[in-house]
Amino acid sequence: MACPYATTFNGAEHDDKAVPLSTEVGKIYGEYLMLEKILSAQCMLSEVDNRPVHDEHLFIITHQAYELWFKQIIFELDSIREMLNSEVIEETKTLEILKRLNRVVMIFKLLVDQVPILETMTPLDFMDFRNYLAPASGFQSLQFRLIENKLGVKSEHRVKYNQKYSEAFGNNSESVNAIIRSETEPSLLELIEKWLERTPGLEENGFNFWHKFQVSVDKFLAQQEKSAMSEPVEIARNYRLMDIEKRREVYRSIFDPAVHEALVSRGDRRFSHKALQGAIMITFYRDEPRFSQPHQLLTLLMDIDSLITKWRYNHVIMVQRMIGSQQLGTGGSSGYQYLRSTLSDRYKVFLDLFNLSTFLIPREAIPPLDASMRKELIN
(Lines give C-alpha, C1' and ligand atoms only; values in the text may rest on other atoms or scores of the structure.)
Protein backbone atom coordinates (compact mmCIF):
# COMPACT_ATOMS: atom_id res chain seq x y z
CA MET A 1 0.00 0.00 0.00
CA ALA A 2 1.42 3.38 -1.03
CA CYS A 3 2.27 5.72 1.81
CA PRO A 4 -0.12 8.72 1.80
CA TYR A 5 2.38 10.77 3.82
CA ALA A 6 5.43 10.29 1.62
CA THR A 7 5.74 14.01 0.91
CA THR A 8 5.69 14.89 4.61
CA PHE A 9 9.44 14.48 4.98
CA ASN A 10 10.12 16.91 2.13
CA GLY A 11 8.05 19.61 3.75
CA ALA A 12 5.25 19.36 1.18
CA GLU A 13 1.57 19.33 2.00
CA HIS A 14 0.01 16.12 3.20
CA ASP A 15 -3.40 14.85 4.23
CA ASP A 16 -3.40 14.88 8.04
CA LYS A 17 -7.16 15.00 8.56
CA ALA A 18 -8.53 12.32 10.84
CA VAL A 19 -11.40 10.14 9.69
CA PRO A 20 -14.40 11.76 11.43
CA LEU A 21 -16.64 9.74 13.70
CA SER A 22 -20.28 10.31 12.83
CA THR A 23 -23.09 10.33 15.37
CA GLU A 24 -24.55 7.19 13.80
CA VAL A 25 -25.10 4.24 16.10
CA GLY A 26 -23.28 1.03 15.18
CA LYS A 27 -20.00 2.19 13.66
CA ILE A 28 -18.17 -0.73 12.16
CA TYR A 29 -14.88 -1.88 13.72
CA GLY A 30 -12.49 -0.26 11.25
CA GLU A 31 -14.29 3.08 11.19
CA TYR A 32 -14.58 3.29 14.97
CA LEU A 33 -10.83 2.66 15.42
CA MET A 34 -9.90 4.79 12.38
CA LEU A 35 -7.81 1.90 11.11
CA GLU A 36 -7.52 3.41 7.64
CA LYS A 37 -5.53 6.27 9.13
CA ILE A 38 -3.52 4.16 11.62
CA LEU A 39 -2.60 1.35 9.24
CA SER A 40 -1.53 3.73 6.49
CA ALA A 41 0.83 5.65 8.79
CA GLN A 42 3.86 3.38 8.25
CA CYS A 43 5.88 5.57 5.90
CA MET A 44 9.07 3.73 4.87
CA LEU A 45 11.52 6.32 3.59
CA SER A 46 13.65 3.58 2.06
CA GLU A 47 10.63 2.66 -0.07
CA VAL A 48 10.12 6.26 -1.13
CA ASP A 49 13.77 6.27 -2.18
CA ASN A 50 13.16 3.05 -4.17
CA ARG A 51 15.53 1.13 -1.84
CA PRO A 52 13.04 -0.72 0.40
CA VAL A 53 14.56 -2.07 3.62
CA HIS A 54 12.38 -4.77 5.16
CA ASP A 55 13.19 -4.05 8.83
CA GLU A 56 12.37 -0.35 8.60
CA HIS A 57 8.71 -1.38 8.79
CA LEU A 58 9.32 -3.14 12.13
CA PHE A 59 11.21 -0.10 13.44
CA ILE A 60 8.32 2.22 12.60
CA ILE A 61 5.59 -0.07 13.95
CA THR A 62 7.45 -0.62 17.24
CA HIS A 63 7.95 3.09 17.91
CA GLN A 64 4.40 3.97 16.87
CA ALA A 65 3.15 1.35 19.33
CA TYR A 66 5.31 2.94 22.03
CA GLU A 67 3.80 6.35 21.32
CA LEU A 68 0.24 5.00 21.48
CA TRP A 69 0.93 3.45 24.88
CA PHE A 70 2.66 6.69 25.99
CA LYS A 71 -0.57 8.50 25.14
CA GLN A 72 -2.55 6.09 27.34
CA ILE A 73 -0.07 6.51 30.21
CA ILE A 74 -0.44 10.30 30.00
CA PHE A 75 -4.23 9.90 29.98
CA GLU A 76 -4.06 7.79 33.15
CA LEU A 77 -1.50 10.02 34.91
CA ASP A 78 -3.54 13.16 34.25
CA SER A 79 -6.64 11.57 35.78
CA ILE A 80 -4.66 10.28 38.79
CA ARG A 81 -3.11 13.70 39.40
CA GLU A 82 -6.54 15.31 39.22
CA MET A 83 -7.92 12.92 41.88
CA LEU A 84 -4.90 13.42 44.13
CA ASN A 85 -5.11 17.21 43.88
CA SER A 86 -7.52 17.43 46.83
CA GLU A 87 -7.21 17.92 50.59
CA VAL A 88 -9.51 14.96 51.24
CA ILE A 89 -9.41 11.80 49.11
CA GLU A 90 -12.38 9.49 49.57
CA GLU A 91 -11.86 5.73 49.76
CA THR A 92 -13.63 5.19 46.43
CA LYS A 93 -11.16 7.57 44.78
CA THR A 94 -8.25 5.76 46.41
CA LEU A 95 -9.47 2.50 44.88
CA GLU A 96 -9.72 4.16 41.47
CA ILE A 97 -6.22 5.64 41.83
CA LEU A 98 -4.87 2.18 42.66
CA LYS A 99 -6.64 0.68 39.65
CA ARG A 100 -5.26 3.27 37.26
CA LEU A 101 -1.76 3.13 38.71
CA ASN A 102 -1.83 -0.63 38.30
CA ARG A 103 -2.86 -0.10 34.67
CA VAL A 104 0.15 2.17 34.14
CA VAL A 105 2.36 -0.52 35.69
CA MET A 106 0.95 -3.15 33.33
CA ILE A 107 1.55 -0.91 30.32
CA PHE A 108 5.16 -0.32 31.33
CA LYS A 109 5.62 -4.09 31.71
CA LEU A 110 4.39 -4.45 28.14
CA LEU A 111 6.81 -1.74 26.94
CA VAL A 112 9.72 -3.50 28.62
CA ASP A 113 8.76 -6.77 26.93
CA GLN A 114 8.46 -5.03 23.55
CA VAL A 115 12.20 -4.26 23.30
CA PRO A 116 13.24 -7.87 22.43
CA ILE A 117 10.96 -7.70 19.36
CA LEU A 118 13.03 -4.82 18.03
CA GLU A 119 16.18 -6.81 18.81
CA THR A 120 15.21 -9.38 16.19
CA MET A 121 16.65 -6.78 13.80
CA THR A 122 20.42 -7.13 13.34
CA PRO A 123 22.89 -4.21 13.42
CA LEU A 124 23.46 -4.59 9.66
CA ASP A 125 19.70 -4.49 9.07
CA PHE A 126 19.50 -1.26 11.07
CA MET A 127 22.45 0.24 9.20
CA ASP A 128 20.56 -0.24 5.92
CA PHE A 129 18.09 2.50 6.83
CA ARG A 130 19.69 4.37 9.75
CA ASN A 131 20.73 7.33 7.60
CA TYR A 132 17.05 8.03 6.88
CA LEU A 133 16.47 8.73 10.59
CA ALA A 134 18.68 11.83 10.82
CA PRO A 135 17.92 14.18 12.48
CA ALA A 136 15.22 12.11 14.22
CA SER A 137 15.94 10.85 17.74
CA GLY A 138 14.08 9.12 20.54
CA PHE A 139 14.96 12.21 22.59
CA GLN A 140 12.39 14.00 20.44
CA SER A 141 9.54 11.90 21.86
CA LEU A 142 7.42 14.68 23.30
CA GLN A 143 5.12 12.23 25.06
CA PHE A 144 7.91 10.44 26.92
CA ARG A 145 9.27 13.81 28.07
CA LEU A 146 5.76 14.72 29.29
CA ILE A 147 5.49 11.40 31.15
CA GLU A 148 8.78 12.09 32.95
CA ASN A 149 7.71 15.62 33.89
CA LYS A 150 4.23 14.59 34.99
CA LEU A 151 5.76 11.90 37.20
CA GLY A 152 8.20 14.41 38.71
CA VAL A 153 11.61 14.18 37.00
CA LYS A 154 13.14 17.59 37.69
CA SER A 155 15.17 19.44 35.05
CA GLU A 156 18.10 19.89 37.46
CA HIS A 157 18.39 16.10 37.78
CA ARG A 158 18.64 15.54 34.03
CA VAL A 159 21.96 15.09 32.26
CA LYS A 160 23.05 18.10 30.23
CA TYR A 161 21.92 16.94 26.78
CA ASN A 162 18.52 16.02 28.14
CA GLN A 163 17.79 19.66 29.04
CA LYS A 164 18.00 21.11 25.50
CA TYR A 165 14.33 21.23 24.55
CA SER A 166 14.84 23.93 21.93
CA GLU A 167 17.32 21.76 20.06
CA ALA A 168 15.18 18.63 20.38
CA PHE A 169 11.95 20.15 19.09
CA GLY A 170 13.36 22.79 16.77
CA ASN A 171 10.86 25.55 16.04
CA ASN A 172 7.86 23.59 17.30
CA SER A 173 6.62 26.11 19.86
CA GLU A 174 3.57 23.99 20.66
CA SER A 175 5.80 21.12 21.84
CA VAL A 176 8.05 23.43 23.83
CA ASN A 177 5.00 25.04 25.49
CA ALA A 178 3.62 21.59 26.36
CA ILE A 179 6.95 20.77 28.02
CA ILE A 180 6.90 24.03 30.00
CA ARG A 181 3.31 23.43 31.14
CA SER A 182 4.18 19.91 32.31
CA GLU A 183 7.03 21.37 34.38
CA THR A 184 4.85 23.99 36.06
CA GLU A 185 1.77 21.84 36.81
CA PRO A 186 1.80 19.79 40.04
CA SER A 187 3.64 16.55 39.32
CA LEU A 188 2.64 13.17 40.71
CA LEU A 189 5.64 13.40 43.04
CA GLU A 190 4.47 16.74 44.46
CA LEU A 191 0.90 15.53 44.93
CA ILE A 192 2.04 12.32 46.62
CA GLU A 193 4.31 14.39 48.86
CA LYS A 194 1.36 16.55 50.02
CA TRP A 195 -0.76 13.42 50.53
CA LEU A 196 1.95 11.78 52.66
CA GLU A 197 2.27 14.93 54.77
CA ARG A 198 -1.39 14.45 55.78
CA THR A 199 -0.80 10.89 57.09
CA PRO A 200 -2.84 10.48 60.32
CA GLY A 201 -0.68 9.99 63.39
CA LEU A 202 2.08 12.47 62.54
CA GLU A 203 0.54 15.28 64.60
CA GLU A 204 2.70 16.27 67.59
CA ASN A 205 -0.39 16.81 69.72
CA GLY A 206 -1.78 13.41 68.77
CA PHE A 207 -0.17 9.99 68.36
CA ASN A 208 3.12 11.72 67.45
CA PHE A 209 4.57 8.77 65.57
CA TRP A 210 7.87 10.50 64.78
CA HIS A 211 8.75 11.03 68.43
CA LYS A 212 7.78 7.47 69.32
CA PHE A 213 9.83 6.15 66.40
CA GLN A 214 12.94 8.05 67.59
CA VAL A 215 12.53 6.64 71.11
CA SER A 216 12.19 3.12 69.66
CA VAL A 217 15.30 3.56 67.49
CA ASP A 218 17.36 4.80 70.44
CA LYS A 219 16.20 1.86 72.55
CA PHE A 220 16.88 -0.62 69.72
CA LEU A 221 20.41 0.71 69.11
CA ALA A 222 21.14 0.74 72.85
CA GLN A 223 20.17 -2.94 73.03
CA GLN A 224 22.37 -3.69 70.03
CA GLU A 225 25.26 -1.85 71.65
CA LYS A 226 24.82 -3.72 74.93
CA SER A 227 24.83 -7.03 73.05
CA ALA A 228 27.97 -6.03 71.14
CA MET A 229 29.81 -5.12 74.34
CA SER A 230 29.33 -8.67 75.62
CA GLU A 231 31.15 -10.03 72.56
CA PRO A 232 34.27 -11.83 73.93
CA VAL A 233 36.38 -11.43 70.78
CA GLU A 234 37.72 -7.87 70.55
CA ILE A 235 37.87 -7.71 66.75
CA ALA A 236 34.27 -8.91 66.42
CA ARG A 237 33.16 -6.54 69.20
CA ASN A 238 34.77 -3.52 67.54
CA TYR A 239 33.28 -4.47 64.18
CA ARG A 240 29.77 -4.69 65.65
CA LEU A 241 30.17 -1.37 67.51
CA MET A 242 31.39 0.31 64.32
CA ASP A 243 28.39 -1.07 62.44
CA ILE A 244 26.00 0.23 65.12
CA GLU A 245 27.58 3.69 64.91
CA LYS A 246 27.08 3.71 61.15
CA ARG A 247 23.41 2.81 61.65
CA ARG A 248 23.09 5.63 64.19
CA GLU A 249 24.37 8.06 61.53
CA VAL A 250 21.87 6.68 59.02
CA TYR A 251 18.98 7.33 61.42
CA ARG A 252 20.40 10.78 62.19
CA SER A 253 19.97 11.59 58.48
CA ILE A 254 16.19 11.32 58.89
CA PHE A 255 15.77 12.59 62.44
CA ASP A 256 17.80 15.77 61.88
CA PRO A 257 15.76 18.04 59.55
CA ALA A 258 18.86 19.99 58.54
CA VAL A 259 20.66 16.85 57.38
CA HIS A 260 17.55 15.75 55.49
CA GLU A 261 17.23 19.12 53.73
CA ALA A 262 20.91 18.99 52.76
CA LEU A 263 20.32 15.59 51.15
CA VAL A 264 17.28 16.95 49.30
CA SER A 265 19.33 19.90 48.01
CA ARG A 266 22.03 17.49 46.85
CA GLY A 267 19.46 15.41 44.96
CA ASP A 268 19.83 12.33 47.18
CA ARG A 269 16.27 12.63 48.51
CA ARG A 270 13.00 13.82 47.02
CA PHE A 271 10.33 14.04 49.74
CA SER A 272 9.89 16.79 52.30
CA HIS A 273 10.81 15.79 55.86
CA LYS A 274 7.18 15.34 56.87
CA ALA A 275 6.31 13.37 53.73
CA LEU A 276 9.18 10.99 54.51
CA GLN A 277 7.73 10.54 58.00
CA GLY A 278 4.36 9.64 56.47
CA ALA A 279 5.95 7.10 54.09
CA ILE A 280 7.79 5.42 56.97
CA MET A 281 4.66 5.31 59.12
CA ILE A 282 2.60 3.75 56.30
CA THR A 283 5.35 1.16 55.76
CA PHE A 284 5.42 0.21 59.47
CA TYR A 285 1.65 -0.08 59.87
CA ARG A 286 0.80 -1.47 56.41
CA ASP A 287 -1.07 -4.41 58.02
CA GLU A 288 -3.57 -1.98 59.54
CA PRO A 289 -6.72 -1.74 57.32
CA ARG A 290 -6.44 2.08 57.07
CA PHE A 291 -2.86 1.87 55.78
CA SER A 292 -3.29 -1.11 53.47
CA GLN A 293 -4.36 0.89 50.40
CA PRO A 294 -1.77 3.66 50.96
CA HIS A 295 0.93 0.99 51.15
CA GLN A 296 -0.30 -0.56 47.89
CA LEU A 297 -0.13 2.89 46.31
CA LEU A 298 3.48 3.39 47.40
CA THR A 299 4.36 -0.06 46.06
CA LEU A 300 2.86 0.76 42.66
CA LEU A 301 4.85 4.00 42.49
CA MET A 302 8.04 2.00 43.03
CA ASP A 303 6.92 -0.46 40.37
CA ILE A 304 6.58 2.38 37.87
CA ASP A 305 10.07 3.68 38.67
CA SER A 306 11.51 0.15 38.48
CA LEU A 307 9.91 -0.60 35.13
CA ILE A 308 11.02 2.71 33.59
CA THR A 309 14.57 1.90 34.74
CA LYS A 310 14.30 -1.59 33.21
CA TRP A 311 12.99 -0.09 29.98
CA ARG A 312 15.88 2.39 29.89
CA TYR A 313 18.36 -0.42 30.56
CA ASN A 314 16.94 -2.62 27.80
CA HIS A 315 17.07 0.38 25.47
CA VAL A 316 20.70 1.07 26.38
CA ILE A 317 21.72 -2.54 25.72
CA MET A 318 19.86 -2.55 22.42
CA VAL A 319 21.51 0.71 21.28
CA GLN A 320 24.96 -0.60 22.20
CA ARG A 321 24.21 -3.76 20.26
CA MET A 322 23.00 -1.81 17.22
CA ILE A 323 25.52 1.06 16.98
CA GLY A 324 28.21 0.25 19.57
CA SER A 325 29.34 2.52 22.38
CA GLN A 326 31.45 5.05 20.47
CA GLN A 327 29.19 6.27 17.66
CA LEU A 328 26.93 9.26 18.01
CA GLY A 329 23.22 8.58 18.26
CA THR A 330 20.66 9.95 15.85
CA GLY A 331 19.63 13.51 16.58
CA GLY A 332 23.14 14.52 17.70
CA SER A 333 23.16 12.87 21.12
CA SER A 334 26.12 10.86 22.36
CA GLY A 335 24.08 7.71 21.77
CA TYR A 336 25.00 4.90 24.13
CA GLN A 337 26.95 7.14 26.53
CA TYR A 338 24.04 9.53 26.94
CA LEU A 339 21.48 6.74 27.40
CA ARG A 340 23.66 4.96 29.96
CA SER A 341 23.77 8.14 32.05
CA THR A 342 19.97 8.05 32.41
CA LEU A 343 20.17 4.81 34.43
CA SER A 344 21.35 6.59 37.58
CA ASP A 345 19.21 7.34 40.64
CA ARG A 346 18.86 10.94 39.48
CA TYR A 347 16.04 9.73 37.19
CA LYS A 348 14.20 7.80 39.92
CA VAL A 349 11.22 9.93 40.88
CA PHE A 350 10.26 8.00 44.03
CA LEU A 351 13.81 7.36 45.17
CA ASP A 352 12.89 7.79 48.84
CA LEU A 353 10.47 4.86 48.69
CA PHE A 354 13.25 2.55 47.51
CA ASN A 355 15.38 3.64 50.45
CA LEU A 356 12.73 3.16 53.15
CA SER A 357 14.08 -0.27 54.04
CA THR A 358 17.25 1.50 55.25
CA PHE A 359 15.27 2.82 58.23
CA LEU A 360 13.35 -0.29 59.24
CA ILE A 361 13.46 -1.68 62.76
CA PRO A 362 12.29 -5.12 63.97
CA ARG A 363 8.53 -5.57 64.24
CA GLU A 364 8.71 -5.91 68.02
CA ALA A 365 10.41 -2.50 68.22
CA ILE A 366 7.73 -0.66 66.21
CA PRO A 367 5.69 1.64 68.51
CA PRO A 368 2.24 0.07 69.10
CA LEU A 369 -0.81 2.11 68.14
CA ASP A 370 -2.68 3.39 71.19
CA ALA A 371 -6.46 3.32 71.65
CA SER A 372 -7.00 6.91 70.47
CA MET A 373 -4.99 6.31 67.29
CA ARG A 374 -6.87 3.11 66.50
CA LYS A 375 -10.15 4.98 66.98
CA GLU A 376 -8.97 7.72 64.62
CA LEU A 377 -8.07 5.17 61.96
CA ILE A 378 -11.53 3.59 62.15
CA ASN A 379 -13.36 6.92 61.75
Side-chain angles (χ1 to χ4, degrees), residues 1-10 12-48 52 54-85 92-93 95-118 120-121 133 136 138 140-151 169 172 174-175 177-179 181-182 185 188 300 303-304 307-308 311:
M1 182 176 181
C3 176
Y5 308 119
T7 55
T8 300
F9 300 91
N10 296 322
E13 293 182 0
H14 61 274
D15 181 13
D16 60 355
K17 295 180 181 179
V19 179
L21 285 175
S22 70
T23 56
E24 298 176 8
V25 176
K27 270 292 188 189
I28 66 172
Y29 180 80
E31 290 177 338
Y32 178 71
L33 297 179
M34 298 188 183
L35 292 183
E36 182 180 352
K37 184 176 180 67
I38 294 173
L39 298 181
S40 62
Q42 291 69 51
C43 210
M44 294 172 60
L45 290 186
S46 61
E47 194 173 66
V48 173
H54 181 83
D55 280 3
E56 185 185 2
H57 193 272
L58 173 68
F59 187 87
I60 293 171
I61 287 283
T62 303
H63 286 82
Q64 286 178 338
Y66 273 128
E67 291 295 334
L68 281 172
W69 284 122
F70 287 165
K71 184 172 184 178
Q72 185 64 35
I73 290 171
I74 289 172
F75 185 71
E76 302 295 348
L77 287 179
D78 284 346
S79 68
I80 292 166
R81 287 162 57 235
E82 183 179 354
M83 286 187 285
L84 280 170
N85 197 11
T92 52
K93 278 192 175 180
L95 286 170
E96 192 61 32
I97 290 169
L98 287 174
K99 186 181 82 173
R100 295 181 190 182
L101 277 176
N102 186 61
R103 182 177 295 162
V104 172
V105 167
M106 296 305 293
I107 293 172
F108 272 119
K109 285 181 178 178
L110 182 65
L111 298 186
V112 169
D113 290 339
Q114 191 171 291
V115 174
I117 299 174
L118 201 55
T120 61
M121 176 176 61
L133 301 181
Q140 295 163 346
S141 171
L142 171 64
Q143 292 196 119
F144 187 69
R145 204 64 50 209
L146 293 178
I147 288 171
E148 288 184 320
N149 289 344
K150 288 171 186 287
L151 284 172
F169 299 105
N172 191 333
E174 187 176 340
S175 295
N177 289 336
I179 289 287
R181 281 196 306 274
S182 68
E185 295 171 350
L188 184 59
L300 288 170
D303 288 343
I304 290 173
L307 287 164
I308 292 177
W311 182 80

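We number each residue from 1, following the sequence as shown. This structure is a prediction, so every number in the text was calculated from the model and none was measured.
With a 4.5 Å cut-off on side-chain heavy atoms, Leu151 and Ile308 count as touching. Side-chain contact check for Leu35 versus Tyr29: some heavy-atom pair is nearer than 4.5 Å.
Between Trp311 and Phe70, the angle of the ring planes goes over 60°, which puts this pair in the perpendicular group of the 30/60° scheme. Ring geometry, Tyr66 versus His63: the interplanar angle exceeds 60°, so the pair is classed perpendicular (tilted spans 30 to 60°).
In Glu67, the CD atom is crowded: over 12 heavy atoms of neighbouring residues, nucleotides or ligands sit closer than 6.0 Å.
Interatomic distance, Leu58 CG to Gln42 CD, rounded to the nearest 0.5 Å: 11.5 Å. Atom CZ of Arg181 is separated from atom CD1 of Ile179 by 10.0 Å, given to the nearest 0.5 angstrom. Going from atom CD of Glu174 over to atom CG of Leu142 covers 8.5 Å, rounded to the nearest 0.5 Å. Taking CG of Asn149 as the reference point, atom CG of Leu188 lies at 12.5 Å (rounded to 0.5 Å). Taken from CE in Met34 to CD in Glu36, the straight-line distance is 11.0 Å, to the nearest 0.5 Å. In this structure, CG on Leu77 lies 8.0 Å from CG on Leu101, to the nearest 0.5 angstrom.
Shortest non-hydrogen contact noted between Ala178 and Leu146 is O-CD2, 3.5 Å. The shortest heavy-atom contact between Asp303 and Val105 is CB-CG2, 3.8 Å. For the pair Ala41 and Gln64, the tightest heavy-atom approach, listed with the atom from each and the gap, is O-NE2, 2.8 Å.
Looking at residues two or more places apart in sequence or on another chain, you find a salt bridge (charged side-chain N to carboxylate O under 4.0 Å, His left out) between Glu96 and Lys99, Arg100.
Applying the side chain to side chain donor-acceptor pair (under 3.5 Å) test to every pair with at least one member in residues 103-116, sequence neighbours left out, gives these pairs: Glu76-Arg103.
Not one N or O on the side chain of Gln72 forms a donor-acceptor pair closer than 3.5 Å with the backbone of Ile107.
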